[in-house]
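Encoded as structure tokens, the structure appears first; notes follow it.
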Amino acid sequence: MIAVATASQKGGVGKTTLSVNLAYSLARRGWRTLLVDTDPQSGIGLSLAKSSRSKEGLFDFLAGGVPLDRLILHSRLPELMILPAGQYDACARRGVSHDDAPERLADLLRSAELRGADCVLMDTAAGLMGLTETVVKACDYVIIPQQAEPLAVRSIPHMLETLARFRAEGAAVKVAGILLTMVMSDQEMSLSVARELRQMLPSDMMFPQSVPRLPSFLEASALGVPVALLKRNPPPEALIFEQIAAELEQRIGLTRERENGPSHASLLD
Ligand SMILES: Nc1ncnc2c1ncn2[C@@H]1O[C@H](COP(=O)(O)OP(=O)(O)O)[C@@H](O)[C@H]1O
Ligand SMILES: [Mg+2]
């Protein structure tokens, strides 16, 4: 099983959009995927899940005492399960600290693996501090969505330095790649940032694909669904995430080696 975080210094760069659409595409491609919302503000799962019967989620798990089976939600796809963020103040309510979050996250990943997950995708809150730092350090890979704007050229080296520090501190997390988001193909500035970044960084650091800025992403994220589920027939841009998922599989070595093993219909079976 492989754990992947989406992370960035800034908010509003498309992390949650990436997490939801990528998790959906990975699941569509047959990978048993657990999408975990570690951002108390993002609200993943409320629409994507078949039922949002519970207000509880990751933060309740971190606070202890709530079994994972009660927290993981089914989605419309059998391969896609969701662990919503839950109640941010669960630790405070139970009078426990976040200090053992690293052990609890390791527990979560072990449990997901035991339940047959191929991939755990963790959406994070902006910034590489606090719980996001813990989440990124617990993952095997991180994907960095980056808005195609001039500041990107300055912020990426800083992000890479922080990740290098995490590794120096003992984390095994590797960069799966930087993905340009909200690219405006009719705006020279957006295209020149994309070009500059591709020149500045090692050639394999950036995903060859990029996510265009389109109203459908805004609409889909307002509803909390992947763009593929926005209409009866998926719009063409849904294909981009199929391609990003295929590229990610290569980059992180998500292979079909398990295919001959016992099949699991869902993570909860
Ligand atoms: N490719 C895109 N095209 C248009 N709007 C987008 C795109 N990606 C994200 N957005 C919108 O930008 C806002 C921030 O995106 P979001 O994924 O929530 O970012 P983050 O999780 O990094 O804060 C949301 O309103 C979202 O709908
Ligand atoms: Mg978000």
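Bear in mind the structure is a predicted one, so any value in this text is a computation, not a measurement. Numbering of ligands and ligand atoms starts at 1, following listing order.
Interface of Val13 with ligand 1, defined as ligand atoms under 4.0 Å from a residue heavy atom, comprises 19 (O), 20 (P), 22 (O). Using a 4.0 Å cut-off to heavy atoms of Val211, the atoms of ligand 1 that qualify are 1 (N). Ligand 1 places these atoms under 4.0 Å from at least one heavy atom of Gly14: 15 (O), 16 (P), 17 (O), 19 (O), 20 (P), 22 (O). Against a heavy-atom cut-off of under 4.0 Å, Ser221 is close to the following atoms of ligand 1: 24 (C), 26 (C), 27 (O).
At a distance under 4.0 Å, a protein heavy atom can be found next to atom 4 (C) of ligand 1.
Annotation: atom 18 (O) of ligand 1 to nearest protein heavy atom, Thr16 CB, 3.9 Å. Shortest contact from atom 23 (O) of ligand 1 to any protein heavy atom: Gly12 N, 2.7 Å. Scanning all protein heavy atoms for the shortest distance to atom 25 (O) of ligand 1 gives Leu218 CD1, 3.4 Å. For atom 17 (O) of ligand 1, the nearest protein heavy atom (residue, atom name, distance) is Thr17 OG1, 2.6 Å. Taking atom 6 (C) of ligand 1 as the reference point, the nearest protein heavy-atom neighbour is Phe217 CB, 4.0 Å.
Remark: the Ser216 side chain and the Glu237 side chain contain an N/O donor-acceptor pair separated by less than 3.5 Å.
Look at Glu188 and Arg195 and you find a salt bridge, because one of the NZ, NE, NH1 or NH2 atoms lies within 4.0 Å of a carboxylate O, short of that distance. Ion pairing between Asp69 and Arg115 holds under the 4.0 Å rule for side-chain N and carboxylate O. Classification of Asp89 and Arg93 as a salt-bridged pair holds, one side-chain N sitting under 4.0 Å from a carboxylate O.
Within the 3.5 Å criterion, the main-chain N or O of Gly57 finds a donor-acceptor partner in the side chain of Asp60. Side chain of Ser210 to backbone of Thr181: no donor-acceptor contact under 3.5 angstrom is found. The closest donor-acceptor contact from the side chain of Asp37 to the backbone of Gly43 lies under 3.5 Å.
In the hydrophobic cluster analysis, where Ile, Leu, Val, Met, Phe, Trp and Tyr join through side-chain heavy atoms closer than 4.5 angstrom, Tyr24 is grouped together with Leu18.
The closest approach between a heavy atom of Leu214 and any atom of ligand 1 is below 4.0 Å.
Considering only heavy atoms from C-beta on, Pro150 stays 4.5 Å or farther from Glu196 through its side chain.
Checking only distances, Arg213 never comes within under 3.5 Å of ligand 1, N or O to N or O. For the pair Asp123 and ligand 1, the shortest N or O to N or O distance does not fall below 3.5 Å. Considering both main-chain and side-chain atoms, Pro215 never comes within under 3.5 Å of ligand 1 through any nitrogen or oxygen pair.
The option from Lys10, Gln147, Met182 that lies nearest to atom 12 (O) of ligand 1, judged by heavy atoms, is Met182.
With Ser19 as reference, Thr6 is the one residue of Thr6, Thr124, Thr38, Asp39 to meet the side-chain hydrogen bond (donor to acceptor under 3.5 Å, both in side chains) rule.
Metal site remark for the Mg ion (ligand 2): Thr17 contributes no N, O or S atom at a distance under 2.8 Å.
With a 4.0 Å cut-off on non-hydrogen atoms, Pro212 touches ligand 1 through its backbone and not its side chain.
Applying the side-chain hydrogen bond (donor to acceptor under 3.5 Å, both in side chains) rule to pairs touching residues 164-173 yields Lys137-Glu169, Arg165-Glu169, sequence neighbours excluded.
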